[in-house]
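Take a look at the structure below.
Just so it is clear: chains get the letters A, B, ... in the order the sequence lines come, proteins before strands, and each one is counted from 1.
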Amino acid sequence: FYYDFEFPEPVGEEALERLEAEVRREIEEGRQWERFDVSRDEARERFLAEEEPYKVELVDSVEGDISLYKQGDFVDLCRGPHLQDSKPLKAVKLLSLAGAYWRGDENRPQLTRVYGTAFYDPKDLEAYLHRIEEAKRRDHRRLGKDLDLFEFSEVTPGMPFWHPRGMVIWNVLEDLRRRENAKRGYSEVRTPLLYESELWRTSGHWEKYQEHMFRVEVEGRDFALKPMNCPGHCLLYSLSPHSYRELPLRLAEAGNLHRNELSGVLHGLLRVRHFVQDDAHVYCTTEQIHDELLACLDYAYYLYDLFELDMRVELSLRPDNKLGTDEEWDFAEAELRRALATQGLEYVESEGEGSFYGPKIDLHMADSLGRSWQLGTVQLDLQMPKRFGLTYQGDDNVEHTPAMIHRALLGSLERFVGIYLEHTGGDLPLVLAPEQVRVLPVSERFAADAESLADDLRVHGFRALVDEREETLGRRIRDAELAKIPFVVVWGERESLEALAVRRRGGEQATVGWEALLSELQAAAKL
RNA sequence: GCCGACGUAGCUCAGCUGGUAGAGCACUUCACUCGUAAUGAAGGGGUCCCCGGUUCGAGUCCGGGCGUCGGCUCCA
C-alpha cells in the first residue's frame, strides 16, 4: 500500500524503525482506501499542483485513464488492486531500506525504497521470517565455510581460494567436462591470459568493457587480462588457414578469466572477479548451425539431468548497442528459436538482453532465496568471425566467413558449485562429496582395522578417511553428520567384513557385507 | 559504482553512558577406551578491519578508506 511519510534525515535504520512504528499504529487505528479513476489530464494537474514531478512523469508515461487511491487526504497512483481496509492486516514488518534508481536508470536520481511485508496472521509472518532463516542455512557461503570448501580474502576481493575439499568437487566437474568434450568432438586448447589492448579493440570489448578489465602496463604497452576466451580462440583460429573439411571446429577451454566487477555486485561464488567457465567455441558453416545448436542444448541438458537441475530458459534478443545488421540478427534469432523448438524447450524472450555480438539462450537457476542466476549460455555470433577476419576455404574454392557459437554449460564452475550447494543444502551426492566414507573405530583398539578398511576403499577409488580422534563414538558420529559425509562405517567388536555397520547421511543404519557396500558405492559414484 | 547496515579469538557472537577485552564452539594437554548427533578437567590464542582526528585515555566518539551483507544498476 502507499503511505505518506515524511522521512527523517538522515535516512537510516532509525528512520525505518520510526516508519514501522507509525505504520503499525495507523493499521491498528484502522485505515480505508478508496479507488477512483480520473483522466490523464486531471491526474497530471493534481500532481503538478502537489509538486510531485515523479508522479507527473508516471502519469505521462501511462496509457489511458489513471486509477488513484485515497487514504484520508492522501491520494496516490496505483494501478490496483489495492487493499481496501487495514483491518485484516495483523502483522507488518519493514525489512530493509535500499537506494533504487528512478525507473531503473542509473543515470537518474536514486530514491529510497522501503521493503516490507504484511500478513493476515502473525503466525504467517513468523513462518515467513523463519523460512528466510532456513534459507540462510543453505547459503553456499555458509556451507563453504562449514564444509571447508573455499574462502575469500580482503586482499583480493571476489577471488575465491579453493580448499582441498573444494578442489575435489572442482576436479570431479573438470573430469566430467573433459570426458564429455572428448565424447562430443571437442578439441581442448589453451590460450594466453594476457593480451595487448589491440585484441580487445578488434573484438569490440574494449569500447564497452575496458573499465571492467584488469589492465597491466608493461614496458609502455597496454595489456589486459582476458575477461572471456572468445577473442583468444578467434586469434588462435586466425593463426592458420582452414578448410570446410575441418568444420565444425569445436575449441574448448576452461580458461581463467578476470572481470573487475563493481564492488557492490560481488556475491560469494555466484559473482566473482576470477572464474573459470566450461567454455567452448564452435566454428561452423551456416548449414551446420542448426545441428550444432542442438548438440549444445543436448549436451547442456545431459549435464543438468545428471545433477537433477531444473533450468529456466531465456532467449535474449538484440540489444541497443548491437554490432551487425538487422538481417543478421533476424537470422541468428530465428536459428535460436528453431533450435529451442526442435529441442522442445519452453522459454521466455527477453528483448534487449542479448550480447552485443549475438542473441543467446540463457539457462538460469535460482539460489536459496529465489534469486535467479545464469549458469549456461548458448550464443550464436555472426560478428566476431568477421571482425577477426576468420575464413575457411569452401568446396567452391572460395573463402567464406564461418559462424561462431559460444557456449558454456555449467557456466562458471564457481557459480555452478555455489548454486549446486544451495540446491542440495550441502548434501552432495556421493560423486561430488569431498569425503565419501568415514570409518569410525569404536575405540583405539580398532584403529588399525579401521585404517585398513579405509585403505581398501581408497584402493577401489573412493575418498575414505578414518576419524581416530579420542572422542566418544557419539561425538564422532555427530561430526561426520555435520560434515555431511554420505557414508559412515563403524568398526568395533561386533563388526566383520561380512557384517559392516553402515550409517547413511541422515541417520539410516544398516548392516551390510563388504561386497554389498562396495557395489552400492560404485553404483552411486557413477556420473 | 550507488543506498542502507555491519566489521571484536579459526567460527558464532557479547562488551551499557570512553578507563586499555569476554563466552560457546574449534585448537592443545591430561584423564576416560567409549556402540550411532556434543565425556570431563586444565591450558594456549586478540594489530578489537586499516589510516587519521578528538581526549589524560578510544573496541566504544568523529572523518576518510577497505571489506562483507541486503537492495539498485551492471553482468561481454
Side-chain angles (χ1 to χ4, degrees), chain A residues 10-16 95-115 132 136 139 141-142 145-146 148 151-158 200 203-213 226-231 257 259-268 270-273 277 316 319 321 323 353-358 360 362 369 371 373-374 377 379 381 384 406 412 415 440-447 469-483 488-495 501-504 506-509:
Chain A
V11 173
E13 197 159 80
E14 205 178 307
L16 191 70
L95 299 166
S96 65
L97 286 175
Y101 297 106
W102 173 241
R103 311 206 86 179
D105 184 344
E106 68 176 322
N107 298 312
R108 306 203 57 183
Q110 200 169 45
L111 309 186
T112 299
R113 180 178 290 174
V114 181
Y115 287 85
I132 293 180
K136 281 188 190 149
D139 189 312
R141 294 165 294 193
R142 175 80 264 143
K145 247 182 202 134
D146 290 347
D148 193 18
E151 69 186 314
F152 291 88
S153 162
E154 289 197 3
V155 179
T156 175
W200 310 112
S203 69
H205 289 97
W206 192 255
E207 195 190 343
K208 197 170 174 219
Y209 296 109
Q210 58 172 301
E211 316 78 64
H212 297 300
M213 288 194 222
K226 66 176 171 186
M228 81 286 298
N229 295 304
C230 23
L257 308 179
R259 296 181 184 180
N260 191 14
E261 303 287 7
L262 291 176
S263 58
V265 306
L266 298 178
H267 185 101
L270 301 186
R271 191 77 181 270
V272 288
R273 289 190 173 140
Q277 289 176 325
S316 299
N321 63 353
L323 300 175
E353 292 298 309
S355 169
F356 69 91
Y357 50 70
K360 45 192 189 130
D362 291 328
L369 286 174
R371 294 171 291 212
W373 298 88
Q374 181 197 305
T377 185
Q379 318 175 344
D381 175 4
M384 291 276 187
H406 307 236
S412 95
R415 181 176 288 182
L440 306 184
V442 168
S443 70
E444 215 178 306
R445 291 191 288 142
F446 305 102
R469 287 177 304 158
E470 296 178 28
E471 296 285 351
T472 59
L473 184 65
R475 171 49 180 274
R476 285 174 295 157
I477 297 271
R478 176 183 153 82
D479 288 345
E481 200 66 57
L482 289 174
V488 171
V489 178
V490 175
W491 182 270
E493 201 93 53
R494 303 177 204 155
E495 281 70 33
V502 175
R503 180 193 162 103
R504 291 175 180 80
E508 186 199 327
Q509 290 172 49

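A donor-acceptor contact under 3.5 angstrom links the side-chain atoms of A/E470 to the base of B/C32. With hydrogens and angles ignored, a donor-acceptor pair closer than 3.5 Å exists between the side chain of A/R271 and the base of B/C74. No donor-acceptor contact under 3.5 Å links the side chain of A/E261 to the base of B/G1.
The A/K145 side chain lies nearest to B/U12 when the options are B/A76, B/U36, B/U12. Of the candidate nucleotides B/C34, B/U73, B/C75, B/C75 has the atom nearest to the side chain of A/R259. Comparing atom distances between the A/S96 side chain and each of B/G70, B/C75, B/U73 picks out B/G70 as nearest. Comparing B/U33, B/A76, B/U73 by their nearest atom to the side chain of A/H212 picks out B/A76. Comparing B/C3, B/C34, B/G1 by their nearest atom to the side chain of A/A98 picks out B/C3. Side-chain proximity of A/Q110 to B/G71, B/A38, B/A76: nearest is B/G71. Distances from the side chain of A/R478 to the nucleotides B/U33, B/C72, B/A38 place B/A38 closest.
Using a 4.0 Å heavy-atom criterion, one finds that A/R142 contacts the sugar-phosphate atoms exclusively. Using a 4.0 Å heavy-atom cutoff across all strands shown, A/R371 reaches sugar-phosphate atoms only and no base atom. Using a 4.0 Å heavy-atom cutoff across all strands shown, A/K360 reaches sugar-phosphate atoms only and no base atom. As judged by a 4.0 angstrom heavy-atom cut-off over every strand, A/A501 is placed among the base-contacting residues. A/G507 comes within 4.0 angstrom of no nucleic acid atom, judged by non-hydrogen atoms across all strands.
The side chain of A/R108 contributes no N or O atom lying less than 4.0 Å from OP1 or OP2 of B/C72. Considering only side-chain N and O atoms, A/S263 lies under 4.0 angstrom from the phosphate OP1 or OP2 of B/G1. A close approach under 4.0 Å does not occur between any side-chain nitrogen or oxygen of A/R476 and OP1 or OP2 of B/A37. OP1 or OP2 of B/U39 sits under 4.0 Å from a side-chain N or O of A/T472. Contact annotation: A/H267 does not reach the phosphate of B/U68 (side-chain N/O to OP1 or OP2, under 4.0 Å). Listed pair A/K208 / B/C75 meets the phosphate criterion, a side-chain N or O lying under 4.0 Å from OP1 or OP2.
No side-chain donor-acceptor contact under 3.5 Å links A/R113 to the backbone of A/A98.
With both pairing distances under 3.5 Å, B/C2 is matched to B/G71 as a Watson-Crick or G-U wobble pair. Nucleotide B/C30 is matched to B/G40 when pairs are restricted to Watson-Crick or G-U wobble geometry with both distances under 3.5 angstrom.
Across the protein-nucleic acid pair, A/F152 atom CZ and B/C49 atom C1' stand 18 Å apart, rounded to whole Å. As rounded to whole Å, 6 Å separates atom C1' of B/G1 from atom OH of A/Y101. Protein atom CD1 of A/I477 is 8 Å distant from nucleotide atom P of B/U36, rounded to whole Å. Taking atom CZ of A/R469 as the reference point, atom P of B/G40 lies 14 Å away to the nearest angstrom. Rounded to whole Å, the distance from CG on A/N321 to C1' on B/A76 is 10 Å. Put simply, CD on A/E495 is 12 Å from P on B/G35, counting in whole angstrom units. Look at CG on A/L95: it is 18 Å from P on B/G4, rounded to the nearest Å. Residue A/D139 contributes atom CG, which lies 15 Å from atom C1' of B/U12 at whole-angstrom precision.
Residues A/E481 and A/S153 each lie close to RNA chain B; by heavy-atom proximity, the contact nearer the 5' end of the strand is made by A/E481. Two residues, A/M228 and A/L266, neighbour RNA chain B, and the one matched to the more 5' nucleotide by heavy-atom proximity is A/L266.
Note on ring orientation: taking the six-membered ring where Trp is involved, the planes of A/F356 and A/H205 are perpendicular (angle over 60°, cut-offs 30° and 60°).
Looking at A/R445 and A/E493, their side chains come closer than 4.5 Å, going by heavy atoms from C-beta outward.
B/C25 and B/A42 have their P atoms separated by 12 Å, with the value rounded to a whole Å.
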